[in-house]
J.: 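This structure is in structure tokens; I'll ask about it shortly.
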2 protein chains.
Amino acid sequence: MPQSATTKEDTAGGRQRLLDAAAAVFSDGGYAGSSIAAIARRAGMSKSTVFHHFPSKEALYLAVIAGAVEDFGQRLDQFFSTSEHVAVALGRFQREHLRHMARHRQVVRLIMREIQDPALEYKRPLIVELLSSNFARVVHHLEAARETGRIRKSAHCHVAALVLFATNAFFFQHAGELSGLPGLELIADPDDFADAVIDVLYRGLAPDNEHGVSR
Amino acid sequence: MPQSATTKEDTAGGRQRLLDAAAAVFSDGGYAGSSIAAIARRAGMSKSTVFHHFPSKEALYLAVIAGAVEDFGQRLDQFFSTSEHVAVALGRFQREHLRHMARHRQVVRLIMREIQDPALEYKRPLIVELLSSNFARVVHHLEAARETGRIRKSAHCHVAALVLFATNAFFFQHAGELSGLPGLELIADPDDFADAVIDVLYRGLAPDNEHGVSR
DNA sequence: GTCTATAATTCGATAGAC
DNA sequence: GTCTATCGAATTATAGAC
């Protein structure tokens, strides 16, 4: 901890290079299929250097995942912080989330795989916790908007947040096939897609004159 | 083709038993990790009988997937066919879709895995085609509703349909962890969840007085 | 490189339904 | 008798061990 900024930041520092390399290697090959040696080679450093930065393969693996998730969490609040119209804020969140996933596609793939069938079973709660934290943050912002009347009082914020994440995850996973489907070509652009989703979510499908519905 | 109903339906007939067994075995173990022998054993028949029903392991695998998808496709139209309120129809679709996935969780897992990293790479288009067909059907129903003014004219039906599927897929995959999250316990019941999603999607998040928004 | 175990697929043959 | 489901044994293909 007592390093000076110079040491810490390091020009394209070893640590970050290591994390990137690990993300790439883990991403194809999975946890078990990736050797520290391979990661070290890719990062252009020796195995011992890897162990200087992280105490174990597990720790490195988790650091890769936590890094991307927390990184997004840090920026998340900004998307909502301003006093703009909620729909605008939501649109920005959605676009930025998609961009973030695109930028970190390897880590995202890692996370998704880890959730489907965990390589580190007993670490799952930890990862879920990380993701939940960001989720809770979005919920919180929605609820704040609801309090101030910028979102309808009866809206279910948890569900709304979930729809946001779910839709983005889906888009991320299937953007490839999706763009081939008739009617969705227009949506090939993530930004356009994000806007379209928010349009539906914010304005709803109901005709403009109608309101409540009974089941 | 010229079999009588008796022959075809067969009391818990071998064919269906085979498909069920195949779904179970393929579901854990994946395509490569599952042997015809294991499937035959599970279905209580000999290997040769398997090949009597299906020309190859591949064909069996695909039949399992196609079966579940087409089964849902057949019932899909009914969910929309009536003249009830769109929100009601949407709610039913959402609930039935979740139920269908729950009933066929093994096949669903198979499909999701197949899409993530395909065991039968060159069959992917076929599977996508199957799924797309159901997707297109939902879009079609939404568009019909839009024509008749039961959904607002400016709504993007493709995106709305995608949100439906995406949300359900997400729920299916993460229902476990989800129910642990604070604020989502209430949503543990799939039916309640389905209704909540439709509430958001149909009515939107906008305050009841407000309408269009510029970005 | 050969040898071997494992898994896919093929080949008759049998038994029962209509 | 023909048709279909079923089986046991025989035949390939393949991947890994040595």
Side-chain angles (χ1 to χ4, degrees), chain A residues 22 24-42 47 57-58 61 109-110 113-114 116-121 177, chain B residues 1-75 100 103-131:
Chain A
V25 175
F26 280 134
S27 177
D28 61 70
Y31 182 76
S34 305
S35 70
I36 293 280
I39 294 170
R41 205 176 322 125
R42 175 125 184 185
K47 271 199 290 186
K57 185 178 171 186
E58 279 196 11
Y61 184 71
R109 240 176 244 134
L110 219 54
R113 193 185 304 172
E114 187 63 31
Q116 278 247 253
D117 54 18
L120 265 42
E121 181 73 55
E177 302 90 82
Chain B
M1 319 258 156
Q3 313 117 308
S4 67
T6 359
T7 320
K8 196 188 217 160
E9 289 279 334
D10 240 335
T11 351
R15 191 192 163 88
Q16 190 55 50
R17 221 171 61 239
L18 173 53
L19 284 169
D20 291 342
V25 175
F26 279 135
S27 177
D28 62 70
Y31 181 77
S34 306
S35 73
I36 295 281
I39 294 171
R41 206 176 321 125
R42 177 130 186 179
M45 58 180 63
S46 75
K47 275 195 293 181
S48 358
T49 305
V50 172
F51 283 102
H52 170 70
H53 288 291
F54 297 94
S56 67
K57 186 180 174 184
E58 281 195 10
L60 173 57
Y61 184 72
L62 291 172
V64 168
I65 293 178
V69 177
E70 284 166 354
D71 174 40
F72 185 67
Q74 274 198 297
R75 307 189 304 130
H100 181 264
R103 221 182 347 260
H104 298 84
R105 44 180 130 262
Q106 296 174 319
V107 185
V108 176
R109 238 175 248 133
L110 219 54
I111 294 174
M112 288 182 165
R113 193 184 304 172
E114 186 63 31
I115 284 184
Q116 278 248 251
D117 55 18
L120 266 41
E121 181 74 53
Y122 76 111
K123 292 291 188 181
R124 233 173 101 125
L126 198 155
I127 294 172
V128 171
E129 157 64 24
L130 284 172
L131 297 168

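Chain identifiers are assigned alphabetically (A, B, ...) following the order of the sequence lines, protein sequences preceding nucleic acid strands; residue numbering begins at 1 within each chain. As the structure is a prediction and not an experimental result, all values here were calculated from the model.
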J.: Return whichever of B:G44 or B:K47 has its heavy-atom-nearest nucleotide of DNA chain D closer to the 5' end.
T.: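 Here B:G44 is the residue nearer the 5' end.
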
J.: Any side-chain N or O of B:S35 under 4.0 Å from OP1/OP2 of C:dA7?
T.: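 False: B:S35 side-chain N/O out of range (4.0 Å or more) of C:dA7 OP1/OP2.
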
J.: Could you walk me through whether B:D71 and B:H100 pass side chain to side chain contact (heavy atoms under 4.5 Å, CB included), step by step?
T.: CA-CA 9 Å; B:D71 174 40; B:H100 181 264; 3.7 Å; yes

J.: Nearest-Å distance, CZ (B:R15) to C1' (D:dC3)?
T.: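 Value for this atom pair: 17 Å.
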
J.: Between B:Y61 (OH) and C:dT9 (C1'), how many Å, whole number?
T.: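 Rounding to the nearest Å, OH of B:Y61 and C1' of C:dT9 are 20 Å apart.
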
J.: Ignoring hydrogens and angles, tell me if any N or O in the side chain of B:R113 forms a donor-acceptor pair with the backbone of B:S27 under 3.5 Å.
T.: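 Yes.
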
J.: Closer than 3.5 angstrom, by distance alone: can the side chain of B:R124 be matched with the main-chain N or O of B:I115 as a donor-acceptor pair?
T.: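 Yes; judged by distance alone, with no hydrogens or angles, the pair exists.
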
J.: Between B:S48 and B:K57, who's closer to the 5' end of DNA chain C by nearest nucleotide?
T.: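 The residue closer to the strand's 5' end, by nearest nucleotide, is B:K57.
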
J.: Given atom CD of B:Q16 and atom P of D:dT4, what is their separation to the nearest angstrom?
T.: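 Between P of D:dT4 and CD of B:Q16: 19 Å.
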
J.: What is the distance from CD1 of B:I39 to C1' of C:dA7, rounded to the nearest Å?
T.: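 In whole Å, C:dA7 C1' lies 12 Å from B:I39 CD1.
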
J.: A quick test of your reading: do over 12 heavy atoms of other residues, nucleotides or ligands sit less than 6.0 Å from CZ of B:R105?
T.: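 Result for CZ/B:R105: open.
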
J.: Can you measure B:R17 atom CZ to D:dA5 atom C1' for me and round it to whole angstrom units?
T.: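 Checked: the CZ to C1' distance equals 10 Å.
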
J.: If the cut-off is 4.0 Å, is B:T49 near the phosphate of D:dC7, judged by side-chain N/O to OP1 or OP2?
T.: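 So the side chain of B:T49 is within the cut-off, an N or O lying under 4.0 Å from OP1 or OP2 of D:dC7.
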
J.: Between the two end axes of the helix from C:dG1-D:dC18 to C:dC18-D:dG1, each built from 5 base pairs, what angle do you get to the nearest 10°?
T.: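 One end's axis against the other's: 10°.
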
J.: Find the distance B:F51:CZ to C:dG12:C1' and express it as a whole number of Å.
T.: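 Distance check: B:F51 CZ to C:dG12 C1' gives 17 Å.
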
J.: For the pair B:K123 (side chain) and B:P118 (backbone), establish whether a donor and an acceptor sit closer than 3.5 Å, ignoring hydrogens and angles.
T.: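 It does not hold such a pair.
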
J.: Under the side chain to side chain contact (heavy atoms under 4.5 Å, CB included) test against B:L19, which residue among B:V64, B:V107, B:I39 passes?
T.: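 Running side chain to side chain contact (heavy atoms under 4.5 Å, CB included) over B:V64, B:V107, B:I39 with B:L19 returns exactly one hit, B:V64.
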
J.: What is the separation between atom CD1 on B:I36 and atom C1' on D:dG8, rounded to the nearest whole Å?
T.: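 The answer, rounded to whole Å, is 17 Å.
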
J.: Check whether any side-chain nitrogen or oxygen of B:H52 sits under 4.0 Å from OP1 or OP2 of D:dT6, and answer yes or no.
T.: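 Indeed not, no polar side-chain atom of B:H52 lies that close.
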
J.: Could you check how far CZ of B:R41 sits from P of D:dG8, rounded to whole Å?
T.: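 In whole Å, D:dG8 P lies 14 Å from B:R41 CZ.
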
J.: Does a side-chain N or O from B:H53 land closer than 4.0 Å to OP1 or OP2 of D:dT4, or not?
T.: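 Indeed not, no polar side-chain atom of B:H53 lies that close.
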
J.: Check the angle between the aromatic planes of B:Y31 and B:F26 and answer parallel, tilted or perpendicular using the 30° and 60° thresholds.
T.: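 If you compare the ring of B:Y31 with that of B:F26, the planes turn out parallel.
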
